[in-house]
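Keep in mind that this is a model prediction, so the values were computed, not measured. Worth knowing before you read on, the calculation uses all heavy atoms, side chains too, and leaves out hydrogens, waters and symmetry mates. A, B, ... follow the sequence lines: proteins, then strands. Residue 1 opens every chain.
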There are 2 protein chains.
Amino acid sequence: MEHAEEALFRPVRAGNAFEETVERLMQAIRLGVVAPGERLPSERELATRLGVSRVTVREAIRSLQENNYVESRRGRYGGTFVNDEIPKSAPGKEFGDIHDALTLRKVLETGAAEAAAGRSLGPAERRGLRARLEEASTASLGEYRRKDSRLHLAIAEATGSASLTAAVADSRMRVNELLDTIPLLEPNLVHSNAQHERIIASILDGDPAGARLAMAEHLDGTASLLRGFLV
Amino acid sequence: MEHAEEALFRPVRAGNAFEETVERLMQAIRLGVVAPGERLPSERELATRLGVSRVTVREAIRSLQENNYVESRRGRYGGTFVNDEIPKSAPGKEFGDIHDALTLRKVLETGAAEAAAGRSLGPAERRGLRARLEEASTASLGEYRRKDSRLHLAIAEATGSASLTAAVADSRMRVNELLDTIPLLEPNLVHSNAQHERIIASILDGDPAGARLAMAEHLDGTASLLRGFLV
DNA sequence: CTCCAAAGGTATGTCTGCGAGCCATTGGCC
DNA sequence: GGCCAATGGCTCGCAGACATACCTTTGGAG
């Protein structure tokens, strides 16, 4: 065999520093962690947190400006702000491996739901989850993908594991790119919200098995949709 | 809240190219993907696969030579070979976040076991799993950690998801570093082998729920051991 | 015995990315 | 009205990493 080697000898870095920085900032915007109208951290702060030089951060931001994701304003209380209308992700992405992305997502997100339900959550965390649920349920079609992602990220965060949260964020970006190529319909959305309620209820009730099951059903919906659309 | 930002604005790259390359090669050796006496891929091949220049690969290998992990021989049929006795990992590692590592591992590995059991495996994959199980069950104390990792990696591979396999490899490295600081005893080993049998049997029988459960119990063993030892 | 393919060993010029510093702009505070 | 802190905008020299080319060693094939 020895084809586990493929996993271990995969490329050390996904791209150059610039590309990866753009990717991260896009993640923050597309997953709704920084909403339209809100401000990104300052260039100096981003440079520190992303472990990258300020020059590189600026180049990445410039690239986002040119693609109408953000606008920058100078002066104190200035900064880089997310535009109200952000471009759709470029279509025709190579669908790498749908099976790969969906398998990883299912493992991570059902695991996160179960783990979150198995923890004793503080009042702030419980409030956070309810707030995200509320946001998602009242979201319009245009902002649904973002609000949905924020809810799922909040669930991952509720596990208390930063690396699990990071993994979920990456996974969602991959799957969202695929989802962006197929239509999002009102009925899906209603159904999705009902499932969200079950998931959050199970987590808040401390019911790991229920949370896992509810999440699994939730994910299976979009998974079969995807497998259907993309052959 | 907005502390999902912590996950998204984490550092873009874990270290410089050299450090990450060393890390990868150590993973391959420590996880037993390249066993003692075996040869690493050639420098040129590693450079291509790791997406890094040959100079960097050589520096990384040099560092491994100086630490007695490998030896290089010139000429055709030469190469870089893994030593029989590889150094123990440096103790006193900062125990970053034990909870974080264990949470992620549980999610990934129970998910992998379940996913593997839910697939129809080819004869080669089934044979591979049985072979790894056999290797682990007959391993001596000294080589147990390696053989054990190979078995778990084989399970991840059986999901057919490369990124899941990569994630499991990373996760195991983190947890193994912690495990290296506490003793490995014969009784643990016997118990562990029995659990391995159950896991593999469930996977080969196509019993996802059973595989998940067996894996969960298996992991809980070392998890509670760790939490106990490391406060 | 000779040849030569494949592996490690070496050298050099280029370019990316970083660090550090300074400038320009802005709006609240005193 | 003036100050000034915090932000984006800009420049320059250095270190790391890269691509490429060439050299040296080795053992099997012919």
Rounded to whole Å, the CZ-P distance (A/Phe81 to D/dT7) equals 10 Å

Sorted by position of nearest nucleotide on DNA chain D, 5' first, the leading residue of A/Arg58 and A/Arg76 is A/Arg76

**Asked** Between the side chain of A/Ser63 and the main-chain N/O of A/Glu59, is any donor-acceptor distance below 3.5 Å?
**Response** no

request  = Please determine if A/Arg132 and A/Glu135 form a salt bridge, counting it only when a charged side-chain N lies under 4.0 Å from a carboxylate O.
outcome  = yes

Separation of C/dA7 atom C1' from B/Leu46 atom CG, nearest Å, is 12 Å

Q. Which class fits the ring pair A/Tyr144 and A/His196: parallel under 30°, tilted 30 to 60°, perpendicular over 60°?
A. parallel

message = Tell me if the side-chain of B/Arg54 makes a donor-acceptor pair with the base of C/dG9, cut-off 3.5 Å, by modelled atom types.
response = yes

Separation of D/dG16 atom P from B/Asn16 atom CG, nearest Å, is 8 Å

- Can you tell me if the side-chain N/O atoms of B/Thr80 get under 4.0 Å from OP1 or OP2 in C/dG8? yes

Original post:
Would one find a side-chain N or O of A/Arg44 under 4.0 angstrom from OP1 or OP2 of D/dA6?
Top reply: no

**Request:** Confirm from the modelled atom types if A/Arg74 and C/dT26 form a donor-acceptor pair under 3.5 Å, side chain to base only.
**Result:** no

In whole angstroms, the gap separating P of D/dG8 from CD of A/Gln65 amounts to 10 Å

Between OH of A/Tyr77 and P of D/dA5 the distance, given in whole Å, is 12 Å

In whole angstroms, the gap separating C1' of D/dA17 from CZ of B/Arg62 amounts to 16 Å

Q. Is it true that A/Arg13 and B/Glu20 have a side-chain N and a carboxylate O under 4.0 angstrom from each other?
A. yes

Atom CD of B/Glu71 and atom C1' of C/dA7 are separated, to the nearest Å, by 16 Å

Would you kindly say whether B/Arg30 and B/Tyr69 are connected by a side-chain donor-acceptor distance under 3.5 Å? yes

Ranking D/dG9, C/dC18, C/dA6 by distance to the side chain of A/Glu43, first place goes to D/dG9

Which of C/dA7, D/dT11, D/dA17 is nearest the side chain of A/Val55? It is D/dT11

Here the distance between atom P of C/dT16 and atom CD of A/Glu20, to the nearest Å, is 16 Å

Between A/Ser53 and B/Gly75, whichever has its closest DNA chain C nucleotide further toward 5' is B/Gly75

